[in-house]
**Student:** 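Okay, handing you the structure first.
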Amino acid sequence: MNPFAFLSSLGTGRPPLDDGQRRRLRRLPTAPHLDSRPLHAQRFVVLDLETTGLNVNRDIVLSIGAVLVEDDAIDLAHQFECTLQRRLKTVTESVLIHGIAPSALAGGTAPAEALLQFMEYASDCVFLAFHAPFDQRMLGRALKDELGYTLRHPFLDVADLAPMLFPEALVHPGGLDQWIEYFRLDMPQRHHASADALATAEIALILFNRARRMGLDNLHELGQRVGRWHRAQRAARHSI
């Protein structure tokens with residue numbers, strides 16, 4: 001082991017990475033920008049995290065589920081699913097909801113390796129998630145804690161895009177279940193990272209189709225429209 005690697009890990013609370021992991025970490029591509037490429041030309045990774053709870057400063061990631069969206073299609077041949085190795089002192093309500101057995105957590109992939117594998121899978125993507133700020137904060141904190149890596153990839157929130165593009169649905173604020181029901185998607189399994197990522201990806205494709213019909217065919221324009229929509233929502237709430 002490189003002695004400097006051990007010294008650099010002191011005080012971080014994480015075990016040192018081995019030489020191979022450090023090389024892989026250095027090879028990760030830089031984060032993309034929201035540019036003017038058409039939506040079908042963009043590489044998206046739809047992410048869902050299962051965690052011990054909803055506190056972004058205290059709770060931890062238990063599992064990662066993701067699917068790839070390219071060329072207006074979900075690439076079912078390249079899904080990502082990984083349970084992180086965790087030893088929990090108590091089983092929280094969130095863990096019970098997700099149905100992740102303690103034995104699955106104990107036999108999971110070491111967190112640093114799991115997160116490194118995921119970022120290799122994600123590569124230079126734009127992330128999509130439902131309630132993306134939560135997943136962004138939790139993933140960013142896990143990457144910093146375990147790998148010393150700063151997450152800079154852009155995130156788009158499907159929970160914002162859906163009511164902005166489908167105001168007639170009248171389900172804002174709504175959860176993923178409400179949008180699955182509204183779009184009449186057949187999703188027999190829920191509260192599982194991979195299943196929720198797949199549901200979010202199917203909704204995203206519907207949203208991108210609506211966006212194109214509205215003349216919003218790139219991420220730069222879509223991001224600007226979401227920003228204006230957010231400001232309008234805040235102004236409406238403050239006027240009440």
Side-chain angles (χ1 to χ4, degrees), residues 1-2 4-6 8-9 12-35 37 39-51 56 60-86 98 100 104-105 107-130 132-158 192-201 204 219:
M1 178 191 297
N2 182 341
F4 295 105
F6 174 77
S8 66
S9 71
T12 64
R14 65 176 185 267
L17 303 179
D18 62 35
D19 290 340
Q21 288 174 321
R22 287 196 299 277
R23 284 194 296 270
R24 290 160 59 197
L25 188 60
R26 288 194 296 269
R27 287 198 296 264
L28 292 178
T30 57
H33 299 286
L34 299 183
D35 57 28
R37 279 179 292 173
L39 293 173
H40 72 83
Q42 179 65 61
R43 184 176 186 274
F44 297 99
V45 167
V46 187
L47 166 68
D48 187 81
L49 302 177
E50 305 295 2
T51 66
V56 296
I60 59 173
V61 176
L62 299 176
S63 68
I64 304 172
V67 294
L68 181 64
V69 173
E70 286 186 299
D71 299 321
D72 282 339
I74 299 169
D75 187 351
L76 294 175
H78 294 91
Q79 300 184 64
F80 184 93
E81 183 173 9
C82 186
T83 298
L84 279 65
Q85 186 180 70
R86 303 293 195 187
H98 302 323
I100 305 174
L105 292 172
T109 304
E113 178 60 28
L115 291 160
L116 186 52
Q117 289 178 13
F118 176 66
M119 292 309 296
E120 289 172 330
Y121 168 85
S123 187
D124 60 347
C125 76
V126 170
F127 283 115
L128 295 173
F130 200 91
F134 175 78
D135 293 276
Q136 187 174 16
R137 288 281 300 278
M138 292 297 294
L139 178 61
R141 199 183 103 225
L143 289 168
K144 179 63 73 174
D145 289 348
E146 299 293 343
L147 299 175
Y149 177 88
T150 300
L151 180 66
R152 294 190 174 92
H153 290 60
F155 276 71
L156 284 179
D157 193 352
V158 174
H192 182 277
S194 293
D196 287 358
L198 180 58
T200 304
L219 290 177

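Reckoned from all heavy atoms, side chains included, excluding hydrogens, waters and symmetry mates. In this text, all values refer to a predicted model and were calculated from it rather than measured experimentally.
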**Student:** Minimum heavy-atom separation for Ala66 and Val45, please, with both atom names.
**Tutor:** CB-CG1, 3.8 Å

**Student:** Do Leu39 and Leu219 come within less than 4.5 Å of each other through their side chains, counting heavy atoms only?
**Tutor:** yes

**Student:** Listed by chain and number, what are the salt bridge (charged side-chain N to carboxylate O under 4.0 Å, His left out) partners of Arg37, not counting sequence neighbours?
**Tutor:** Asp35

**Student:** Show the nearest heavy-atom pair for residues Leu115 and Ala142, with the distance to one decimal.
**Tutor:** CD1-O, 3.6 Å

**Student:** I'd like to know whether Cys125 forms a side chain to side chain contact (heavy atoms under 4.5 Å, CB included) with His153, so could you lay out the CA-CA distance, the side-chain angles of the two residues, the decisive distance to 0.1 Å, and finally the verdict.
**Tutor:** CA-CA 7 Å; Cys125 76; His153 290 60; 4.2 Å; yes

**Student:** Quick one, Pro111 and Arg86 - any side-chain contact, counting heavy atoms below 4.5 Å?
**Tutor:** yes

**Student:** Could you tell me whether the side chain of Arg23 and the main chain of Asp18 form a donor-acceptor pair under 3.5 Å?
**Tutor:** no

**Student:** With a 4.5 Å limit on heavy-atom distance, are the side chains of Ile60 and Arg141 in contact?
**Tutor:** yes

**Student:** For the CD atom of Gln21 and the CG atom of Leu147, what is their distance to the nearest 0.5 Å?
**Tutor:** 8.0 Å

**Student:** Which heavy atom in Pro133 sits nearest to a heavy atom in Asp157, and how many Å separate them?
**Tutor:** CD-OD2, 3.4 Å

**Student:** Could you report the tightest heavy-atom contact between Leu17 and Ala112, atom names first, then the distance?
**Tutor:** CD2-CB, 3.9 Å

**Student:** For the CG atom of Asp72 and the CZ atom of Phe44, what is their distance to the nearest 0.5 Å?
**Tutor:** 9.0 Å

**Student:** Nearest 0.5 angstrom please: Gln85 CD to Leu62 CG, how far?
**Tutor:** 12.5 Å

**Student:** Side chain to side chain contact (heavy atoms under 4.5 Å, CB included), that's the test. Do Thr83 and Leu105 meet it? Break it down for me.
**Tutor:** CA-CA 6 Å; Thr83 298; Leu105 292 172; 3.8 Å; yes

**Student:** Rounded to the nearest 0.5 Å, how far apart are CD of Gln136 and CG of Leu49?
**Tutor:** 11.0 Å

**Student:** Side chains of Val61 and Leu139: does their closest heavy-atom pair fall under 4.5 Å?
**Tutor:** no

**Student:** Under the 3.5 angstrom rule, does the side chain of Asp48 hit a backbone N or O of Gly65 as a donor-acceptor pair?
**Tutor:** no

**Student:** Evaluate the side-chain proximity of Phe130 to Asp196: yes if any heavy-atom separation is below 4.5 Å, no if none is.
**Tutor:** no

**Student:** Looking at every non-hydrogen atom in both residues, tell me the closest pair between Pro154 and Leu34 and how far apart they are.
**Tutor:** CB-CD2, 3.8 Å

**Student:** Does any part of the side chain of Leu143, heavy atoms only, come nearer than 4.5 Å to the side chain of Phe118, both counted from C-beta?
**Tutor:** no

**Student:** Are any of the side-chain heavy atoms of Phe134 and Thr51 separated by less than 4.5 Å?
**Tutor:** yes

**Student:** Hey, does the side chain of Asp124 reach the backbone of Pro32 with a donor-acceptor pair shorter than 3.5 angstrom?
**Tutor:** no

**Student:** Show your reasoning for whether side chain to side chain contact (heavy atoms under 4.5 Å, CB included) applies to Leu116 and Tyr149.
**Tutor:** CA-CA 10 Å; Leu116 186 52; Tyr149 177 88; over 6 Å; no

**Student:** Has Tyr121 got a side-chain atom pairing as donor or acceptor with Leu68's backbone, closer than 3.5 angstrom?
**Tutor:** yes

**Student:** To the nearest 0.5 Å, what is the distance between CD1 on Ile64 and CG on Asp135?
**Tutor:** 10.5 Å

**Student:** In Å, rounded to the nearest 0.5 Å, how long is the span from CD of Gln42 to CD of Glu70?
**Tutor:** 9.0 Å

**Student:** Does the side chain of Met119 reach to within under 4.5 Å of the side chain of Leu151, using non-hydrogen atoms?
**Tutor:** yes

